[in-house]
Peer 1: 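So that we are looking at the same thing, I have put the structure below in structure tokens.
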Amino acid sequence: MSTIKVEEIQHPSNSNNAVSIASDSSVSLKHSGSAKLATTSTGVSVTGTCAANAFSGDGASLTNVSASDATKMPLAGGTFTGSVVFEDAINETIFAITDASSVALDPDNGMVQTWTLGANRTATDSLTTGQSMLLIVTATASNYTLTWPTIKWNGGSAPTLGGANATAIELFKVGSQLYGATVGDLS
């Protein structure tokens with residue numbers, strides 16, 4: 001087996017080095033004499049733009065990646081502007097409210113919430129404008145009641161809860177006004 005030892009490789013038509021090989025075995029590929037891809041003891045370093053038609057891996061250890069690319073949604077939060085098409089089911093979080101004498105209705109806990117009353121209770125409004133939620137209330141066989149925050153109800157009055165049957169209620173807020181519509185008893 002023959003061994004050729006070189007430090008630089010040039011194309012015969014110019015004087016720029018195309019490949020450099022260092023004594024530590026690191027290799028640098030160059031364009032017009034400027035290093036663009038270099039091996040290191042921890043991987044590869046790219047200078048300039050790296051174009052690829054595929055990528056493998058989840059990118060979890062990438063650093064210095066812009067977190068504010070306006071063409072993509074962040075992992076948490078964000079606002080859609082324009083049309084959005086979902087081609088599959090939207091899976092809602094079902095949140096079971098912990099029963100207490102006073103409970104804040106907050107869709108940030110989940111868009112569908114269940115509440116089994118352990119006594120007569122009071123609900124408070126924690127919705128912000130544009131938010132909505134489906135509340136499923138079970139008053140149990142004792143027919144407990146629920147005192148509501150200020151709500152404009154579809155039909156003019158708050159629902160009569162269905163006792164042991166759950167009652168479904170849609171809540172939504174526009175500006176500072178909270179609205180409610182009774183879906184009905186789920187028996």
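Just so you know, residue 1 is the first one in the sequence shown, and it goes up from there. In this text the structure is predicted, and so the values were computed from the model without any measurement.
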Peer 1: About how many Å separate CH2 of Trp115 and CG of Leu161, when rounded to the nearest 0.5 Å?
Peer 2: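 The distance works out to 9.5 Å.
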
Peer 1: Checking the side chain of Thr122 only, and the main-chain atoms of Ser102 only, is there a donor and an acceptor separated by less than 3.5 Å?
Peer 2: no

Peer 1: Work out which heavy atom in Leu105 is nearest to a heavy atom in Ala123; give both atom names and the distance.
Peer 2: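 Minimum heavy-atom contact is CD1-CB, 3.8 Å.
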
Peer 1: Which pair of non-hydrogen atoms, one from Thr129 and one from Gly175, has the smallest distance, and what is that distance?
Peer 2: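 Where Thr129 meets Gly175 most closely, the heavy atoms are OG1-N, 2.7 Å.
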
Peer 1: Is any side-chain heavy atom of Leu29 closer than 4.5 Å to one of Lys36?
Peer 2: no

Peer 1: What are the two closest heavy atoms between Ile136 and Ala166, and how far apart are they?
Peer 2: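 That closest heavy-atom pairing would be CG2-CB, 3.6 Å.
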
Peer 1: Do Glu170 and Asn154 have a side chain donor and acceptor closer than 3.5 Å?
Peer 2: no

Peer 1: Under 3.5 Å, side chain of Gln131 to main-chain N/O of Leu171, donor-acceptor pair present?
Peer 2: no

Peer 1: State, to 0.1 Å, how close Ala164 and Thr138 come at their nearest heavy-atom pair, and which atoms those are.
Peer 2: O-CG2, 3.7 Å

Peer 1: Using the rule that Ile, Leu, Val, Met, Phe, Trp and Tyr join whenever any side-chain heavy atoms are under 4.5 Å apart, tell me whether Val137 and Val112 fall into a single cluster.
Peer 2: no

Peer 1: Is a side-chain N or O of Asp24 found less than 3.5 angstrom from the main chain of Ser26, in a donor-acceptor match?
Peer 2: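 Yes; at least one donor-acceptor contact below 3.5 Å.
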
Peer 1: How many angstroms lie between CD1 in Ile151 and CZ in Phe172, if you round to the nearest 0.5 Å?
Peer 2: 10.0 Å

Peer 1: Calculate, to the nearest 0.5 Å, the distance between atoms OG and CG belonging to Ser126 and Asp106 respectively.
Peer 2: 5.0 Å

Peer 1: Which atoms form the tightest heavy-atom contact between Tyr179 and Val174, and what is the distance?
Peer 2: CE1-CB, 4.0 Å

Peer 1: Could you pull out all residues at least two apart from Asp125 that satisfy salt bridge (Lys or Arg N to Asp or Glu O under 4.0 Å)?
Peer 2: Lys173

Peer 1: Closest heavy-atom contact between Ala168 and Leu186?
Peer 2: CB-CD1, 4.0 Å

Peer 1: Any side-chain heavy atom of Met133 sitting closer than 4.5 Å to one from Leu127?
Peer 2: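 With C-beta onward as the side chain, the pair touches.
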
Peer 1: Output the distance between atom CH2 (Trp148) and atom CG (Leu178), rounded to the nearest 0.5 Å.
Peer 2: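 Result: 9.0 Å between the selected atoms.
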
Peer 1: Roughly how far, to the nearest 0.5 Å, is the OG1 atom of Thr93 from the CG atom of Asp108?
Peer 2: 11.0 Å

Peer 1: Kindly indicate whether the side chain of Leu135, heavy atoms from C-beta on, has any atom under 4.5 Å from the side chain of Ile97.
Peer 2: yes

Peer 1: Would you confirm whether Thr167, through its side chain, and Gly162, through its main-chain N or O, come within 3.5 Å as a donor-acceptor pair?
Peer 2: yes

Peer 1: Between Arg121 and Asp99, does a side chain to side chain contact (heavy atoms under 4.5 Å, CB included) hold up when you go through it step by step?
Peer 2: CA-CA 9 Å; Arg121 301 296 192 206; Asp99 187 44; 2.6 Å; yes

Peer 1: Quick check on the hydrophobic clustering: are Val183 and Phe95 connected, directly or via other members, by side-chain heavy-atom contacts under 4.5 Å?
Peer 2: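 In one cluster with Val183: Phe95, no.
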
Peer 1: Roughly how far, to the nearest 0.5 Å, is the CG atom of Leu117 from the OG atom of Ser101?
Peer 2: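 It comes to 12.0 Å.
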
Peer 1: Using side chain to side chain contact (heavy atoms under 4.5 Å, CB included), reason through Leu37 and Val44 one step at a time and then give a plain yes or no.
Peer 2: CA-CA 7 Å; Leu37 183 108; Val44 176; 3.5 Å; yes

